[in-house]
Amino acid sequence: MALVAVTREVPETITYCQLTHIAREPIDLGRAREQHRTYERALAECGYSVTRLEEDPGFPDSVFIEDTTLVLDEVAVITRPGAESRRGEVETVADVIASWRKVVRMTTPATLDGGDVLRLGRTLYVGVSRRSNADGVAQLRELTRQFGYSVRAVEISDALHLKTAVTQLSPDHIVVNPRWVDASLFEGYTAIEVDPTEPFAANALMAGGRVILSTAFPRTADKLEGRGISVLGIDASELAKAEGGVTCCSVLFEV
Ligand code: CIR
């Protein structure tokens, strides 16, 4: 068994990215790429072999590769991203993922961003958001039913994606921002709440027994460490200006 992480270079056009909840500020491309390298090194430290796809300046948000595919053990679902400017990002990703998994595709009128899908065991929780619609939920259900997954739609408020509001930390724990999602929906998992001053700390990346978290969230990191979670902090400040967190910049799976 090997752990694989697929990432995509920060495009030089990142400054023209989609923004929904935050105001546009200048993004330093050099710094963003440097931080992205640090992120890749953190994944390597957690045991992943990292494949970085080339930049595509035609797609300002293409570094956020998580939104383009959901890679399960049995199949890779290629999404139809909710933002029109992002739809074409999936082609390169589909070609690359096809070397590891059978690929299936979502089609119009479905929209779904990978950032809206939280897999907990055999349940796929899907945030119905500005990006992911009811057809997206229905198609995901059809495409994964034969492999024994159940798909549950989740209401979220004020967050861009479901995984802005909740992510998995360990086989038993999740981290949540209770203002954005109802933690009681995720049965069987112990929910740890973010520090109230760090609303975006609910986006953590479980990787090989550790958790990668932005160093912008020291209070939540302390809280997680106190519960026995090993946190690997990285500076992710430049891509946070593009409304991206630590889950968005990779697709993780086992081969
Ligand atoms: C977007 O709005 O699509 C990007 N600027 C940020 C995407 C973040 N992706 C994610 O949380 N999965």
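Ligands are counted one by one from 1 in listed order, and the atoms in each one are counted from 1 as well. One-based numbering along the sequence shown.
Using a 4.0 angstrom heavy-atom cutoff, Asp61 counts as in contact with ligand 1. The closest approach between any non-hydrogen atom of Arg131 and ligand 1 is below 4.0 Å. Ligand 1 is never approached by Ala83 to a heavy-atom distance shorter than 4.0 Å. Assignment of Asp67 to the shell around ligand 1 is supported, since a heavy atom sits closer than 4.0 Å.
With sequence neighbours excluded, no residue forms a ring pair (Phe, Tyr, Trp, His ring centres under 6.0 Å) with Tyr48.
For Arg86 and Asp67, the salt-bridge test passes: some basic side-chain N is under 4.0 Å from an acidic carboxylate O. Under a 4.0 Å N-O distance rule, the pair Glu66/Arg131 does not qualify as a salt bridge. Salt bridge annotation for Glu89-Arg8: absent, with no cationic side-chain nitrogen under 4.0 angstrom from a carboxylate oxygen.
Close approach of ligand 1 to Ala242 (heavy-atom distance below 4.0 Å) involves ligand atoms 4 (C), 5 (N), 6 (C). Listed by number with element, the atoms of ligand 1 under 4.0 angstrom from any heavy atom of Glu66 are 10 (C), 12 (N).
Taking atom 10 (C) of ligand 1 as the reference point, the nearest protein heavy-atom neighbour is Cys248 SG, 2.9 Å.
Other residues, nucleotides and ligands contribute over 12 non-hydrogen atoms within 6.0 Å of the OH atom of Tyr149.
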